[in-house]
Amino acid sequence: MKRFMLISALLTTLTLVACEKPAVVVVPTTPVAVPGPAGPQGATGSQGNEGMKGDAGKTGGGTTVIVTPPASAPAN
């Protein structure tokens with residue numbers, strides 16, 4: 001019984017020693033872009049052209065059209 005305990009303790013010790021320890025992974029930090037000082041202001045752009053005017057619309061003819069939704073089916 002004593003030999004069994006001794007062999008068991010030795011095997012446990014060897015098993016724990018043989019385990020591979022994980023290596024520490026170092027992740028490099030990403031450089032952060034920092035904007036520099038503002039440069040001189042550029043020249044003002046040219047003014048755009050004005051578009052064509054649209055035609056005036058017609059006034060209504062006084063007719064009103066009412067569209068009713070279709071009747072729903074009766075519930076049973």
TODO: Hey, could you give me the CG/CG distance between L10 and L6, rounded to the nearest 0.5 Å?
DONE: 4.5 Å
Open item on the list: Consider side chain to side chain contact (heavy atoms under 4.5 Å, CB included). Of M52, Q47, K53, which one does E50 pass it with?
Closed with: K53
Task: Expected output: side-chain T15 to main-chain L11 donor-acceptor under 3.5 Å - done: yes
